[in-house]
Amino acid sequence: DTGVSQNPRHKITKRGQNVTFRCDPISEHNRLYWYRQTLGQGPEFLTYFQNEAQLEKSRLLSDRFSAERPKGSFSTLEIQRTEQGDSAMYLCASSLGSLAKSGETQYFGPGTRLLVL
Amino acid sequence: AQSVAQPEDQVNVAEGNPLTVKCTYSVSGNPYLFWYVQYPNRGLQFLLKYITGDNLVKGSYGFEAEFNKSQTSFHLKKPSALVSDSALYFCAVRASSMDTGRRALTFGSGTRLQVQP
């Protein structure tokens with residue numbers, strides 16, 4: 001399977017605990033995105049990387065959230081001191097872009113469903 | 001700010017009939033427009049996109065969409081619906097101008113398509 005993969009697929013945690021999610025993009029895709037989707041809503045943008053540089057962050061990304069893409073390949077999203085409001089599906093997407101190809105398609109992974117008790 | 005409106009929470013259609021899922025958008029400058037489909041407990045699957053050129057865009061599984069700049073719409077259509085088309089459909093927009101450097105997609109709240117046999 002050469003698509004975007006995310007691990008774990010499901011995570012149940014207690015309020016106040018830290019959680020970390022991993023995203024492996026499609027091979028050689030230079031751009032990677034994190035979105036959050038709550039029940040009955042469309043995905044909301046969290047952050048975006050081009051290679052290892054984090055170029056864009058949403059106001060939704062509070063201080064408790066941090067994302068990295070240390071070698072420009074896989075990415076991790078960490079939530080510290082989880083709250084019940086963090087319960088959502090966390091989606092990762094990747095794309096292959098360039099200056100000449102700015103309308104590229106974002107391909108999504110299956111998501112990590114987080115439940116904070 | 002960019003936004004997407006999907007005015008119908010649910011669309012019901014009989015198998016074999018044509019279907020339309022509506023989308024209107026707001027963005028500064030010219031838009032990049034996308035349709036994605038989501039099956040239960042799955043990530044988003046790309047259907048089609050409008051970047052430039054012909055206003056009628058053809059995509060996967062027989063779906064097509066028509067870009068209408070004056071009405072700021074990008075409705076999704078299919079001539080003959082299948083039961084297997086039943087899913088959640090999301091329209092998304094991004095500004096084509098890279099002046100702001102933004103690459104995040106803004107999604108609508110989704111339309112559930114129910115195709116009855």
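Numbers restart at 1 for each chain; the letters A, B, ... are given by sequence-line order, proteins then strands.
- Residues A:Pro43 and B:Leu44 come closest through the heavy atom pair CG-CD2, 3.9 Å.
- Of the inter-residue distances, the one linking B:Arg103 atom CZ with A:Gln50 atom CD reads 6.0 Å to the nearest 0.5 angstrom.
- Taking a 6.0 Å sphere around OH of B:Tyr39, one finds it holds more than 12 heavy atoms contributed by other residues, nucleotides or ligands.
- Looking at B:Gln38, only its side chain comes within 4.5 Å of chain A, counting heavy atoms on both sides.
- The structure places CG of B:Leu105 at 9.5 Å from OG1 of A:Thr105, a figure rounded to the nearest 0.5 Å.
- Residue A:Ile12 places its CD1 atom among 12 or fewer non-hydrogen atoms of other residues, nucleotides or ligands, all under 6.0 Å distant.
- For A:Arg15, the CZ atom sits in a loose shell: 12 or fewer heavy atoms of surrounding residues, nucleotides or ligands are nearer than 6.0 Å.
- Closest approach of B:Phe90 and A:Gly42 over heavy atoms only: CE2-CA, 3.3 Å.
- Using a 4.5 Å cut-off between heavy atoms, B:Tyr36 contacts chain A through its side chain alone, with no backbone atom that close.
- Within the model, atoms CD of A:Gln37 and CZ of B:Phe107 stand 8.5 Å from one another, a figure rounded to the nearest 0.5 Å.
- A:Gln106 contributes atom CD, which lies 10.0 Å from atom NZ of B:Lys49 (distance to the nearest 0.5 angstrom).
- The environment of A:Glu68 atom CD is sparse: at most 12 non-hydrogen atoms of other residues, nucleotides or ligands sit within 6.0 angstrom.
- Enclosure of atom CD in A:Glu28 is not indicated, since only 12 or fewer non-hydrogen atoms of other residues, nucleotides or ligands lie within 6.0 angstrom.
- Atom CG of A:Leu117 has more than 12 neighbouring heavy atoms from other residues, nucleotides or ligands inside a 6.0 Å radius.
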